[in-house]
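Only one structure is covered here, and it is reproduced in the block below.
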Amino acid sequence: MAKPQKEVPMASVEQMRAAFHERMHANHMYGLWELASQMTPHPQPKMIPYMWPWSKLKSIVDESGSAVPVGEERRALQLFNPGLDGRWATTNNLIAAVQVLLPGEVARAHRHSPTAIRFIIEGSGAYTAVDGERVYMEPGDLILTPSWAWHDHGNETKERVVWIDGLDIPLIQSLEAMFFQFYSAQQVPATRPANASKRLHGHAHLSPTWVKEKPQSSPLLLYSWDRTWEALSALREHEGSAFDGIALEYRHPQTGGPVMPTMACWVQMLRPGEGTKAHRHTGSAVYHVVQGEGATIIDGRRFVWSKGDIIALPPWALHEHANTSGKEDAVLFSIQDTPVIQALGLYYEESLSENGGHQKVTSNFSSD
Ligand code: GTQ
Ligand code: FE2
């Protein structure tokens with residue numbers, strides 16, 4: 001016969017447990033059983049899909065010129081994702097900003113560990129000087145500022161210049177690898193001819209054999225719009241990607257890899273009436289509408305876009321794009337954090353099989 005067990009009253013078991021948890025927390029410990037909900041079956045990003053329409057950006061851009069000077073810092077409007085609680089972040093890893101430089105202005109020389117790209121929206125003939133080389137801007141150009149490269153911006157023209165900045169600041173912050181310095185003078189003296197990197201490295205399939213140095217970031221600092229458009233046009237009869245249309249990645253001319261270790265840049269053309277199928281993948285992106293009109297459906301929400309709009313795409317969000325114009329090509333430029341995801345073996349991708357590969361639209365985005 002079993003020994004009669006001494007009964008422990010339920011209430012005291014609960015009390016003992018509560019006291020245990022309290023003691024554990026007071027000593028900076030948590031039980032795995034309290035955290036299990038964070039081991040999600042798939043990514044559940046805090047950032048939300050969001051769009052900054054150009055109409056809104058433009059009115060702030062217009063006002064910014066007279067409202068704030070170019071002081072120590074640049075006149076760059078940083079796009080904060082509403083899902084990220086005031087963090088300096090457009091996506092979990094990337095920041096996008098719109099920067100304005102008025103005629104005669106100079107933005108003071110500095111360098112930082114975050115990597116930057118510029119995509120020019122408006123204005124011709126202003127420059128970014130990168131490590132002593134002036135890189136001159138035309139609309140549609142992509143200009144790189146590798147990690148830790150000195151840079152200043154100058155506008156000696158008679159018109160305002162506006163561009164998009166893309167940086168990996170949120171990633172660098174979470175890695176706690178932020179370094180920043182101002183240069184001792186307003187500008188870094190020019191030590192190389194203007195657009196030198198394009199003259200040396202900007203010849204598509206032909207590389208200078210005597211250049212032995214292979215930097216992690218692309219040594220080509222200027223990807224001119226005329227070349228970009230030439231490539232898109234030459235490929236327009238191809239089927240392209242089912243998910244992205246005629247999507248091209250800007251490449252490091254020596255390695256063939258992404259332009260920067262932490263950021264990839266893409267340009268994609270959607271032909272009149274073209275619509276892509278939906279897929280999702282790890283890695284986040286920020287899109288900028290270079291030209292045309294269309295819509296992107298992200299997790300069932302339709303974002304109707306036109307020239308100048310900026311859209312944030314969360315990791316693992318279903319997305320598909322469409323050019324809704326019957327006549328004009330649509331072109332999207334984007335920055336993506338996929339090189340980081342790829343390097344760590346964390347790239348996952350899935351296409352939507354139901355409903356012919358298209359999402360059901362359940363809402364329409366509005367920024368009001
Ligand atoms: O123009 O160098 O949007 O350093 C954020 C940080 C732009 C710049 C930004 C920067 C810059
Ligand atoms: Fe900078």
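Every number for a ligand or one of its atoms is a count from 1 in the order of the listing. No experiment lies behind these values; they were computed from the predicted model shown.
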Would a distance-only check, ignoring hydrogens and angles, find a side-chain to backbone donor-acceptor pair under 3.5 Å from [X] to [Y]?
X    : Y    : result
S197 : L221 : yes
N155 : R160 : no
T276 : F243 : yes
Q291 : G308 : no
T90  : A96  : yes

(message) I need the contact type for L167 against ligand 1. Using non-hydrogen atoms and a strict under-4.0 Å cut-off, is it side chain, backbone, both or neither?
(response) side chain

(message) Does only the side chain of R75 get under 4.0 Å from ligand 1, or the backbone, or both, or neither? Count heavy atoms.
(response)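 No part of R75 is near ligand 1 at this cut-off.
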
Number the atoms of ligand 1 from 1 as they appear, then name those within less than 4.0 Å of a heavy atom of [X], with their elements.
X   : result
Q78 : 3 (O), 5 (C), 9 (C)
A97 : 3 (O)
A76 : 3 (O)

(request) Output yes when the distance from some N or O of ligand 1 to some N or O of R74 is under 3.5 Å, and no in every other case. (result)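 Between R74 and ligand 1 (N or O atoms, distance only) the closest approach is under 3.5 Å.
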
(message) Taking the basic N atoms (NZ, or NE/NH1/NH2) and the acidic carboxylate oxygens, is any pair closer than 4.0 Å for E105 and R75?
(response) yes

(request) Please determine if R236 and D329 form a salt bridge, counting it only when a charged side-chain N lies under 4.0 Å from a carboxylate O. (result) yes

(message) How far is atom 1 (O) of ligand 1 from the closest protein heavy atom, and which atom is that?
(response)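 Of every protein heavy atom, H153 NE2, 2.7 Å lies nearest to atom 1 (O) of ligand 1.
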
(request) May I ask you to identify the nearest protein heavy atom to atom 9 (C) of ligand 1, giving residue, atom name and distance to one decimal place in Å? (result)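 Of every protein heavy atom, D165 OD2, 3.5 Å lies nearest to atom 9 (C) of ligand 1.
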
(request) State whether F182 and R108 meet the cation-pi test: NZ (Lys) or CZ (Arg) under 6.0 Å from the six-membered ring centroid, and within 45° of the perpendicular axis. (result) yes

(request) Check whether NZ of the Lys or CZ of the Arg R134 lies under 6.0 Å from the centre of the six-membered ring of Y127 and within 45 degrees of that ring's axis. (result) yes

(request) Please say which of Y183, F179, F180 ends up in a ring pair (Phe, Tyr, Trp, His ring centres under 6.0 Å) with H110. (result)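 Passing option: F180.
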
(request) Return the number of protein N, O or S atoms with a distance to the Fe ion (ligand 2) smaller than 2.8 Å. (result) 3

